[in-house]
Amino acid sequence: MARIHLFVLFLSSLILFVNAQFEYFQMVQQWPLATCTGTPCLNPPSNKFTIHGLWPSNFSNAILVCKGSTFNSTNTAFLALEPLLNQYWPDLISKNNRGFWRYEWNKHGTCSESVFNQVQYFQTTLNIRTNPNYDLLAILKTARLIPTGSISHRYHVIEGAIRAAIGKKPGLRCNINKKTRNSQLHEIVLCFDKNGVTLIDCPFPRKCPTQFKWLLS
Ligand code: 5GP
């Protein structure tokens with residue numbers, strides 16, 4: 001009897017896992033220099049946040065396994081987005097922008113196809129990146145926070161400046177600089193409701209130490 005119960009439990013967790021739905025979006029922007037100290041980049045890093053991706057996510061952190069339509073780069077409406085995508089969503093590592101968009105769509109975008117088709121998904125991401133209210137570099141500059149490479153920034157100061165400007169808690173991620181072994185600002189995440197418009201507090205724990213560098217190229 002106990003075995004049957006265990007088996008039923010196993011089956012239901014399997015169904016839960018397979019059916020894990022996305023509950024909110026992480027709009028992930030990366031600081032190119034921090035990406036490119038870990039992996040060599042063909043694209044020379046600029047001092048601007050670029051898009052890493054718009055990631056359908058789950059409050060319980062369940063992994064979303066998604067199968068949706070394959071990436072279509074010939075759709076006319078998608079082609080119309082390409083100039084802005086090239087500007088804000090470049091492939092830093094291999095300079096193959098379409099390849100990077102395809103990868104992000106297939107891995108992440110397809111998980112939100114219940115609300116956004118491919119064109120809407122990329123349009124929504126661009127809408128966030130080009131919204132002046134969410135311009136991370138401008139927000140931080142206004143708070144007199146700038147990349148220098150030398151000074152250390154405090155997590156709560158950077159988080160607080162963004163939170164004060166947008167009204168919700170961002171998520172910060174750091175990585176380790178392989179040369180200096182310092183922690184450095186790598187990504188800033190803004191979180192949105194399933195509609196891709198309403199900001200929410202990022203619900204995941206911070207992924208940076210209390211102090212870190214912010215590199216300047
Ligand atoms: P995810 O797979 O969830 O999108 O994020 C992690 C991966 O994104 C890592 O393997 C990282 O190397 C990759 N990544 C981050 N930025 C870029 C980029 O600009 N170009 C490419 N090709 N991959 C990137």
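Position 1 is the first residue of the sequence, and the numbers go up from there. Bear in mind that the values here come from a model prediction, so they are computed numbers and not experimental data.
Among residues at least two apart or in separate chains, there is no salt bridge (charged side-chain N to carboxylate O under 4.0 Å, His left out) pair with a member in residues 175-186. The stretch residues 143-154 participates, sequence neighbours left out, in no salt bridge (charged side-chain N to carboxylate O under 4.0 Å, His left out) pair at all. Contacts classified as salt bridge (charged side-chain N to carboxylate O under 4.0 Å, His left out) and involving residues 70-92 (residues at least two apart or in different chains) are given here: Glu82-Arg98. Screening residues 100-116 for salt bridge (charged side-chain N to carboxylate O under 4.0 Å, His left out), with sequence neighbours left out, gives no hits. For residues 135-156, the set of pairs meeting the ring-ring contact (aromatic ring centres under 6.0 Å, His included) definition, not counting sequence neighbours, comprises His153-Trp214.
Within the hydrophobic cluster formed by Ile, Leu, Val, Met, Phe, Trp and Tyr side chains joined at under 4.5 Å, directly or through other members, Leu42 stands alone, with no partner residue. Other members of the hydrophobic cluster containing Tyr24, listed by chain and number, are Val28, Trp55, Phe59, Val189, Ile200, Phe204; membership follows side-chain contacts under 4.5 Å among ILVMFWY residues, whether direct or relayed.
Applying the salt bridge (charged side-chain N to carboxylate O under 4.0 Å, His left out) rule to Arg163 yields the partners Glu159; only residues at least two apart in sequence or on another chain are considered. In this structure Ser57 satisfies the side-chain hydrogen bond (donor to acceptor under 3.5 Å, both in side chains) test together with Gln26, sequence neighbours excluded. Residues passing the side-chain hydrogen bond (donor to acceptor under 3.5 Å, both in side chains) test with Asn175, sequence neighbours excluded: Gln184. With sequence neighbours excluded, no residue forms a side-chain hydrogen bond (donor to acceptor under 3.5 Å, both in side chains) with Lys169. For Asn47, the side-chain hydrogen bond (donor to acceptor under 3.5 Å, both in side chains) partners at least two apart in sequence or on another chain are Ser217.
Taken from CD1 in Ile166 to CG in Asp135, the straight-line distance is 12.0 Å, to the nearest 0.5 Å.
Both tests pass for Lys194 against the ring of Phe22: distance under 6.0 Å to the centre and angle within 45° of the axis.
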